[in-house]
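Inspection log for the structure reproduced underneath, given as structure tokens.
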Amino acid sequence: MMKFSKNGIEKLRNLIETSQKITLITHYNPDGDALGASAAVFYYLKEKGKDVVSIIPNTFPKNIGFVVESIDYIIAEKEFKKAKNRILDSDCLIVLDMNANHRSGDNLEKVLNEANITKVLLDHHVSPENYDIVFSYPQASATCEVVYNVLKRLDNKKIFSYDVSLPLYAGILTDTGSFSYSCDHSEVYDVVSNLLKAGLKASKIHQKLFDTYSYHRLSLLGYAIGKKFRFFPEQRAAFIYLTKRELKRFHYEIGDLEGVVNYCLKLEKVDFCALLSEREDKVRMSFRSKDPSVDVNVFARKYWNGGGHVMAAGGKSYEEMDVVVEKLTKQIKEKNFLQQ
Ligand SMILES: [Mn+2]
């Protein structure tokens, strides 16, 4: 299903051979796939004796932290100068799980734009920007699936070390909602089968990733569904909205809203849904769809300064929460999410 050009693989192999200092970068608000891809490529290159550092734009949810706990990384939001110098000082850059430089945040975007080094893209988002070597597969379940396929071709082998395999598995698991979406192609199961052969314990990894709620997080979920849920049966749509004050009341920590948007899709009579959460200076929006005919990537791009995938996308607004709620309600009533 995914075609990997021999020429591209050859170019990447040469680049890795001739580079010593290699830097990895991923998107702002990194998720399991972003961190998984970063950790897997880190270990792969480390095993080849390279000087590798992973740049992570900002902090990440606690539950996926174990994936990167033993790699060398710089959190750019905490140590921006260090991150910048590292990038500018590298022989090449590998860009993971993002399709454009601005996805790593405003400050890093400038550094990436000015860094005059070879840039490699490994990703699964639509419409990638121009990079020197590109492996972009929107039909892949996760960037980690793309990474596996590239490494497999680079080294002509199917089974990698435990260190490389574990983060790839974690990335695919999180980006498919534990194999519930973006996983209709049989190839992805060949990939995870080969990953498990490295000795991973799939059930333990699942527990570590998903059964780690704090009491407050579960209470917030109950409140969100019980009190802040809007359902539009006629339009087959729903959304949840949470203000800053509410998040504070439930001792919000990064990652606590992970997956909350998907609860709306559990309704049989919902094809489109959204989660609105108020942050310091904006309202963050996540969109989900149950059917490819409802393209939330297009919807997020057109109306909410965002984008992503056909069935999962993000957006943002700098207006007040009640204004955003009103606008989205109007869009739902007019079925704008269908009018592409
Ligand atoms: Mn991803």
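Just so you know, ligand 1 is whichever comes first in the structure, and atom 1 is the first atom listed for that ligand. Residue numbers start at 1 and run along the sequence shown.
One side chain, R86 or T23, offers a donor N or O that lies under 3.5 Å from an acceptor on the other. A donor atom on one side chain and an acceptor atom on the other are not found under 3.5 Å apart for D256 and H216.
Using cut-offs of 30° and 60° on the angle between ring planes, the pair F231 and F229 is tilted.
The nearest N, O or S atom of H124 is closer to the Mn ion (ligand 1) than 2.8 Å. The distance from the Mn ion (ligand 1) to the nearest N/O/S atom of D123 is not under 2.8 Å. With 2.8 Å as the limit, D97 counts as an N, O or S neighbour of the Mn ion (ligand 1).
The distance from atom CD of E77 to atom CD1 of I56, rounded to the nearest 0.5 Å, is 12.0 Å.
Note: angle at the Mn ion (ligand 1), from OD2 of D175 to OD2 of D33, is 80° (rounded to 10 degrees).
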